[in-house]
Amino acid sequence: MEYLKLNNGVEMPVEGLGTFLMTPAEAEAVSLAALEAGYEHIDTANAYMNEKAVGRAIAKSGVDREKLFVSTKLWPSVYEAGDAAVDGTLARLGLEYVDMLILHQPVGDYLAAWKTMEKAYRDGKVRALGLSNFPQDKIAEVIEAAEIKPQLVTVECYPYLRAALKDDGTGAGRRQRGAGPFCPSARPAARRDKGVHARDCLAPDACRPIMMRSWGCSRRRARTWSSSSASCPTPPTPRSRRVRSWRARRASTSSSPWAAAASSAA
């Protein structure tokens, strides 16, 4: 397993499993399969309504808590709830701490929520803090107000939408996590603008060097592109078999010719 070191020294597994749009039953089954297959990084959120299911999978897996990286996100409806927002999240997961706690959307009193997260960080309930879906100006606003700078920014990222964070000169050293390397929710308007079908999001020009020198399905190519673009992909899938296949293929990625092609295309 490869890791990215965050600006506070915490190491985050470079690839994880997302649980967006999964029912509790799907999230529990797939998370358990992922952990049994060797995944160490599971991502959930208040809004996904499956935190309890992810917590059950973690408990059933028998994997040492210290070997896992669990991330979740606070929804704006609890931004002003104070400690209860964090404690409620931990209770649903059945954990004493999470490795990454993220503000899910840049609406409501997100600065108050950030202060709550900083307190949780100091209290040992959270190991790292992050932002999700925040535009550049609001990231800068949080950094300006923060005592603890963000360790992570989560963005939608796939070959036709290559999100890039500008250097703000703060030295915050944030890491970027790509939320959707398969383009599962590609906006119809964006597809119309580019004149492409949804399936083509898996094989644009950015992936062409990978396609020319690789084997396997287009989803695997997109995963390779994402992992080689200085980001940490957390793609979701409700299929346990696919998770096991991803993990097995990932083990051989570093020595395959298409991994080198992805690096040159990033």
Side-chain angles (χ1 to χ4, degrees), residues 3-13 16-20 27 31 40-59 63-134 138-155 165 170-177 179 232 234:
Y3 300 87
L4 292 175
K5 183 171 287 189
L6 305 178
N7 64 15
N8 62 350
V10 171
E11 292 191 334
M12 177 176 66
L17 174 73
T19 57
F20 179 51
S31 295
E40 300 174 3
H41 184 173
I42 305 291
D43 177 66
T44 182
N46 295 172
Y48 298 173
M49 304 294 286
N50 56 27
E51 287 176 312
K52 289 183 179 180
V54 170
R56 289 194 297 269
I58 292 171
V63 178
D64 290 343
R65 176 65 183 91
E66 292 74 17
K67 295 181 178 179
L68 300 179
F69 192 96
V70 181
S71 66
T72 189
K73 310 173 195 70
L74 297 182
W75 190 245
S77 61
V78 299
Y79 280 2
E80 297 182 53
D83 293 346
V86 177
D87 293 341
T89 294
L90 293 176
R92 286 189 294 275
L93 286 165
L95 301 175
E96 294 182 356
Y97 69 92
V98 290
D99 300 277
M100 176 69 68
L101 187 60
I102 300 168
L103 294 184
H104 206 156
Q105 297 287 348
V107 298
D109 196 346
Y110 49 84
L111 293 181
W114 189 263
K115 294 300 181 184
T116 295
M117 288 175 27
E118 288 181 328
K119 181 176 183 298
Y121 180 95
R122 296 189 185 96
D123 291 343
K125 299 177 182 179
V126 181
R127 297 180 66 220
L129 307 178
L131 302 171
S132 175
N133 301 309
F134 274 61
K138 292 192 175 183
I139 292 174
E141 182 184 4
V142 172
I143 290 175
E144 178 66 24
E147 296 179 33
I148 300 171
K149 308 302 182 186
Q151 279 83 44
L152 182 80
V153 173
T154 299
V155 296
L165 295 177
T170 64
R174 301 179 307 277
R175 287 291 188 176
Q176 179 171 311
R177 185 170 68 177
C232 172
T234 54

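The analysis underlying the following values was restricted to heavy atoms, covering all of them including side chains, and did not include hydrogens, waters or symmetry mates. What you see is a predicted model; the values in this text were computed from it and never measured.
Of all non-hydrogen atoms in Asn7 and Pro150, the two that sit nearest each other are ND2-O, 3.1 Å. Glu40 and Tyr3 get closest at one heavy-atom pair: OE1-OH, 2.6 Å. In terms of heavy atoms, Met100 sits closest to Gly130 at SD-N, 3.7 Å. The nearest pair of heavy atoms linking Pro106 to Lys138 is O-NZ, 3.0 Å.
Side chains of His104 and Trp75 form a contact here, defined as non-hydrogen atoms less than 4.5 Å apart. With contacts defined as side-chain heavy-atom distances shorter than 4.5 Å, the pair Ser31/Leu17 qualifies. Between Leu74 and Ile102, every side-chain heavy-atom pair lies at or beyond the 4.5 Å cut-off. You'll find the side chain of Trp114 reaches within 4.5 Å of the side chain of Leu131, heavy atoms only. Leu68 places none of its side-chain heavy atoms less than 4.5 Å from the side chain of Ile42.
The salt bridge (Lys or Arg N to Asp or Glu O under 4.0 Å) test applied to Asp87 returns Lys125, not counting sequence neighbours. With sequence neighbours left out, the salt bridge (Lys or Arg N to Asp or Glu O under 4.0 Å) criterion links Lys119 to Asp83, Asp123.
Side-chain atoms of Asp99 do not come within 3.5 Å of backbone N or O of Ser71 as any donor-acceptor pair. Between the side chain of Asn8 and the backbone N or O of Arg127, at least one donor-acceptor pair lies under 3.5 Å. Counting only distance, with no hydrogens or angles, the side chain of Asp109 and the backbone of Glu80 share no donor-acceptor pair below 3.5 Å. Formation of a donor-acceptor pair under 3.5 Å by the Gln151 side chain with backbone atoms of Leu129 is found in this model. In terms of modelled atom types and a separation under 3.5 Å, the side chain of Thr44 and the main chain of Thr72 share no donor-acceptor contact.
Under the 4.0 Å criterion applied to side-chain N and carboxylate O atoms, Glu118 and Lys115 are assigned as salt-bridge partners.
Distance OG1/Thr19 to CE/Met49: 12.5 Å, rounded to 0.5 Å. Taken from CD1 in Ile139 to CG in Asn133, the straight-line distance is 10.0 Å, to the nearest 0.5 Å.
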**Message:** Could you go through Glu51 and Thr89, starting from their C-alpha distance and side-chain angles, then the distance that decides it, and tell me whether this counts as side-chain contact (heavy atoms from CB on, under 4.5 Å)?
**Reply:** CA-CA 8 Å; Glu51 287 176 312; Thr89 294; 3.3 Å; yes
**Request:** Report the C-alpha separation of Asp43 and Lys73 in whole Å, then their side-chain angles, then the decisive distance to 0.1 Å, and conclude whether the side-chain contact (heavy atoms from CB on, under 4.5 Å) test is met.
**Result:** CA-CA 9 Å; Asp43 177 66; Lys73 310 173 195 70; 2.6 Å; yes
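Judged by the 6.0 Å distance and 45° axis criteria, Arg65 is positioned over the aromatic ring of Tyr97.
A tilted orientation is assigned to the rings of Phe20 and Tyr48, their planes being inclined by 30° to 60°.
Taking the ring centroids of Phe134 and Tyr110, they lie under the 6.0 Å cut-off.
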